[in-house]
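Report on the structure given below.
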2 protein chains.
Amino acid sequence: MKAGPDIALIASLLGDPARANMLTALMGGQALTAGELAAQAGVTAQTASTHLAKLEAGGLLTVRRQGRHRYFALSGSDVAQVLEGLMGLAIRAGHQRTRTGPKEPALRQARVCYDHLAGDLGVAMLDGLVRRGLIAEQGENLSLTPAGQDFTMEFGIDPGILATSSRRPLCKSCLDWSARRSHLAGALGAALLDRIYALGWARRLPDSRIVSFSPGGLKHFQRVFAT
Amino acid sequence: MKAGPDIALIASLLGDPARANMLTALMGGQALTAGELAAQAGVTAQTASTHLAKLEAGGLLTVRRQGRHRYFALSGSDVAQVLEGLMGLAIRAGHQRTRTGPKEPALRQARVCYDHLAGDLGVAMLDGLVRRGLIAEQGENLSLTPAGQDFTMEFGIDPGILATSSRRPLCKSCLDWSARRSHLAGALGAALLDRIYALGWARRLPDSRIVSFSPGGLKHFQRVFAT
DNA sequence: TTCATAATTCGACGATAACCGAAGCATGGG
DNA sequence: CCCATGCTTCGGTTATCGTCGAATTATGAA
């Protein structure tokens, strides 16, 4: 009846709870083994295997063999973007997940969204960058100002990412499902989070998307971005 | 196990072929009755009714009663955006719809994407605007230049949309699934298409997303945007 | 080689949900 | 008042798919 790409085929891949859990776990950006994903999804290894095969066939996941493990990762940031969009639609409809664990507050404060910082601290960072005139905000579009370029140098970011030659956009706004405001994504967002790790301000909690700031690291973060 | 919005719940709504067809039909931006959507999806009125009820409960559709008809429309541009993203993932995986009708070439040339122009002419328009310096392109971010503001005035666009107060972004890039390049979305994209209709350069074909340019209208279009 | 772990394949069970026929409500017109 | 139209609800059938138990292959370690 209609021409065009087949939405239903890949949307049905995201429509299963087990597969959705796996993809959400992979939103952390790092590759996970089949066993880890099975545990995250709450299913046995057999079912996880079939699910992962389907996701790979659908082009949503890439696989890398390493020893007797198979590491799965999202096949690209476009996949992560669609997942974020779906999360946005889900909260708008008021359909939250029922089970809300003890880690929830920590997730709301600071978590990783594919490869950049999200949560309250994520939106605070973007707010600070805009307030200080380092990033220009024009509706939904973000761009790095000349002053912002100086700042990234001082902060220790590799200047190479400023080259517009790369396919990935430098600054990108990403709607935060917990704060319902935007935080900074794109190559710069990823580089800033990397630098925060390198400075020892924060670290990833294992098996979780939570970004845990040390007391001292949080102070530094506040000083740089919240003044 | 995990906190956060429930992706699977609404993704499963998009995962059914009948519902996906309905949503794709509504990407045209105009509201359709339950009967029309049933025909588009290729199912009977009964099944369409249950599908539409689910889509409405999921917050993806809004309904408006008018006489004994019920008009359905996408509940917002964010829904359309997620659908576009899914189309992008689908073509990347090579999963096109099998049946390709005779209208396919016309669809590739010019169609409406929710409320703005897409297809070859859509990307040509954005290309022209960028080449003439009316829109600044910075990676994935688009912004209207001062020269571009003058142009919109001359072209007959209501200056009211330039007010940044509105929630909707003015310029937005939207990945085109047929051309695999970006075209112009956002408030400006919608306003330009409205103006193209008003000038009589093109019109919507009934029961389709095709935008049909008149020979003279196409000439005007080429002159304005492709020089 | 032998054992343990990681992951896949096979087969069968069970539940969910899409589908349509038929009947039931509304709304609008003659 | 009666009929036609648009849409919804109900019941029952069918089929698809997620799930796990058991067995199989592959890799690494002892």
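Every chain is numbered from 1 and lettered A, B, ... according to where its sequence line falls, protein lines coming before strand lines. Computed from a prediction, not measured in an experiment: that's the story for all the values here.
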All N/O contacts under 3.5 Å from nucleotides 12-18 of chain C to the protein, with atom names and distances to one decimal?
unit_1, atom_1, unit_2, atom_2, d
C:dA18, OP1, B:Arg19, NH2, 3.1
C:dA18, OP2, B:Lys54, NZ, 2.5

Compare all side-chain heavy atoms of [X] with those of [Y] and state whether any distance is below 4.5 angstrom.
X: B:Ser75; Y: B:Leu61; answer: no
X: A:Gln40; Y: A:Met22; answer: no
X: A:His51; Y: A:Gln46; answer: no
X: B:Val211; Y: B:Arg204; answer: yes
X: A:Arg70; Y: A:Thr33; answer: no

[N] [atom2] sits how many Å from [X] [atom1], rounded?
X: B:Arg70; N: D:dT5; atom1: CZ; atom2: C1'; value: 16 Å
X: A:Leu9; N: D:dC17; atom1: CG; atom2: C1'; value: 14 Å
X: A:Tyr71; N: C:dA6; atom1: OH; atom2: C1'; value: 11 Å
X: A:Leu55; N: D:dG18; atom1: CG; atom2: P; value: 10 Å
X: A:Leu14; N: D:dG18; atom1: CG; atom2: P; value: 12 Å
X: A:Glu36; N: C:dA7; atom1: CD; atom2: P; value: 8 Å

Open item on the list: I'd like to compare against my own output: the B/S/- annotation of nucleotides 21-30 of chain C with a strict under-4.0 Å heavy-atom distance to protein.
Closed with: BB----BS--
Open item on the list: A:Leu83 and side chain to side chain contact (heavy atoms under 4.5 Å, CB included): which single residue from A:Leu74, A:Thr24, A:Leu60 fits?
Closed with: A:Leu74
Solution key, residues 189-197 of chain B side-chain donor-acceptor pairs under 3.5 Å, sequence neighbours excluded:
unit_1, atom_1, unit_2, atom_2, d
B:Arg195, NE, B:Phe155, O, 2.7

- [ ] Check whether any side-chain N or O of A:His69 sits under 4.0 Å from OP1 or OP2 of C:dA7, and answer yes or no.
- [x] yes
Task: Exam field: side chain B:His116 to backbone B:Cys113, donor-acceptor pair closer than 3.5 Å - done: yes
TODO: Report the C-alpha separation of A:Arg92 and B:Asp78 in whole Å, then their side-chain angles, then the decisive distance to 0.1 Å, and conclude whether the salt bridge (Lys or Arg N to Asp or Glu O under 4.0 Å) test is met.
DONE: CA-CA 10 Å; A:Arg92 188 158 68 86; B:Asp78 48 353; 3.0 Å; yes
TODO: Give one of base, sugar-phosphate or nothing for B:Ala34, where a contact means two heavy atoms less than 4.0 Å apart.
DONE: sugar-phosphate
